[in-house]
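To start, the structure itself, in structure tokens.
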Amino acid sequence: MTKPIFSVALVHYPVYNKHREVVTTAVTNLDIHDIARCSRTFGADRYYIVTPVEEQQKLVQKITLHWQSGWGATYNPKRKAALDIVSIVPSVISALEDMEARVGHKPRIVVTGAATHNKSVTSVELAELMREGDQSFLLLFGTGWGMTEELFDSADYVLEPIKGVGEYNHLSVRSAVSIYMDRLFSRR
């Protein structure tokens, strides 16, 4: 078994709103920091923030640069290390192309969501595939009310949904990323 090669992408477009309309969601400061820290902790080589909105891209750049250079970098070197893997891209295709250029082959696409799908795999099954070492993986996490059906249709795998104890199932994306990362990569 080898160390899995994987990247994480937080998708702000194309996603659904609560009326099932395709929208672009806003980037949040907490998602930038917390998902970068989680991604770095579990070995991701890149954390893509996917948004086509130029003002949102500038916001992400401003936040990350604060912690990567100058006072922010010296004040909190661990945050700098986490944010060093952040990459801002306008589309999922851009993330795929960047990852393919970096690793030398097309990565497998893994999407996540709150519903089961005919391509669903368990965390255990995906972890085994990832440890085989001959492939790379791009893990897509959606914002808003989830990624579009087109993204699910284009995926190689859909991770089984995280289930709680009742019918309510609407975790923050930061929580979902942390839970999935632990299930896929923790040493037990």
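Atoms considered below: every heavy atom in the structure, side chains included; atoms not considered: hydrogens, waters and symmetry mates.
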Hphob cluster co-occupancy, [X] + [Y], side-chain heavy atoms under 4.5 angstrom:
{"X": "M147", "Y": "V8", "answer": "no"}
{"X": "F185", "Y": "V173", "answer": "yes"}
{"X": "V177", "Y": "L184", "answer": "yes"}
{"X": "L140", "Y": "V86", "answer": "no"}
{"X": "Y16", "Y": "L171", "answer": "no"}

Nearest non-hydrogen partners of [X] and [Y], listed with the distance:
{"X": "S39", "Y": "I85", "answer": "CB-CD1, 3.8 Å"}
{"X": "R174", "Y": "T28", "answer": "NH1-OG1, 4.4 Å"}
{"X": "R131", "Y": "P4", "answer": "CG-CG, 4.3 Å"}
{"X": "P107", "Y": "L96", "answer": "CG-CD2, 3.7 Å"}
{"X": "C38", "Y": "S178", "answer": "SG-CA, 3.7 Å"}
{"X": "K80", "Y": "A73", "answer": "CD-CB, 3.7 Å"}

Check whether any side-chain N or O of [X] sits under 3.5 Å from a backbone N or O of [Y] as a donor-acceptor pair, and report yes or no.
{"X": "Y180", "Y": "S123", "answer": "no"}
{"X": "S91", "Y": "V50", "answer": "no"}
{"X": "K119", "Y": "D153", "answer": "yes"}

As an exercise, state the distance from [atom1] of [X] to [atom2] of [Y], rounded to the nearest 0.5 Å.
{"X": "R183", "Y": "E160", "atom1": "CZ", "atom2": "CD", "result": "6.5 Å"}
{"X": "L59", "Y": "I88", "atom1": "CG", "atom2": "CD1", "result": "9.0 Å"}
{"X": "S172", "Y": "D34", "atom1": "OG", "atom2": "CG", "result": "8.5 Å"}
{"X": "L30", "Y": "I35", "atom1": "CG", "atom2": "CD1", "result": "10.0 Å"}
{"X": "F137", "Y": "L129", "atom1": "CZ", "atom2": "CG", "result": "5.5 Å"}
{"X": "Y47", "Y": "L83", "atom1": "OH", "atom2": "CG", "result": "9.5 Å"}

Would you say V111 and V11 make side-chain contact, with heavy atoms under 4.5 Å?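 Of all side-chain heavy-atom pairs linking V11 with V111, none is under 4.5 Å.
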
With T25, which of D31, N17, V15, L10 fulfils side chain to side chain contact (heavy atoms under 4.5 Å, CB included)?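 Of all the options given, the one that passes is V15.
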
Any side-chain hydrogen bond (donor to acceptor under 3.5 Å, both in side chains) involving residues 60-78? Give me the pairs, sequence neighbours left out, ordered by first then second residue.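 Non-adjacent pairs meeting side-chain hydrogen bond (donor to acceptor under 3.5 Å, both in side chains): Q68-D84.
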
Would you please name every residue forming a side chain to side chain contact (heavy atoms under 4.5 Å, CB included) with N29, sequence neighbours left out?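 For N29, the residues satisfying side chain to side chain contact (heavy atoms under 4.5 Å, CB included) (neighbours in sequence not counted) are H33, I63.
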
Counterpart residues, side chain to side chain contact (heavy atoms under 4.5 Å, CB included), relative to R102 (two or more places apart):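 With neighbours one apart ignored, the set is S7, D45, R46, Y48, D98, M99.
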
Mind running side-chain contact (heavy atoms from CB on, under 4.5 Å) on V110 and M130 for me, showing each step along the way? CA-CA 11 Å; V110 180; M130 294 179 83; over 6 Å; no

Look at atom CD of E54 and say whether more than 12 heavy atoms of other residues, nucleotides or ligands are closer to it than 6.0 Å.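 Not buried by this count: 12 neighbours or fewer within 6.0 Å.
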
Using the side chain to side chain donor-acceptor pair (under 3.5 Å) rule, pick out the option among H105, K106, R108 that qualifies with Q135.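 The option that passes is R108.
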
Run the numbers on T112 and L139 for side-chain contact (heavy atoms from CB on, under 4.5 Å), then give the verdict. CA-CA 8 Å; T112 61; L139 307 177; 6.0 Å; no

Take H19 and W145 through the ring-ring contact (aromatic ring centres under 6.0 Å, His included) test and state the conclusion after the steps. CA-CA 9 Å; H19 303 292; W145 288 71; 8.8 Å; no

For side-chain contact (heavy atoms from CB on, under 4.5 Å), just list the numbers for Y13 and V22, CA-CA rounded to whole Å, side-chain angles, deciding distance to a tenth of an Å, and then say yes or no. CA-CA 8 Å; Y13 177 85; V22 178; 3.9 Å; yes

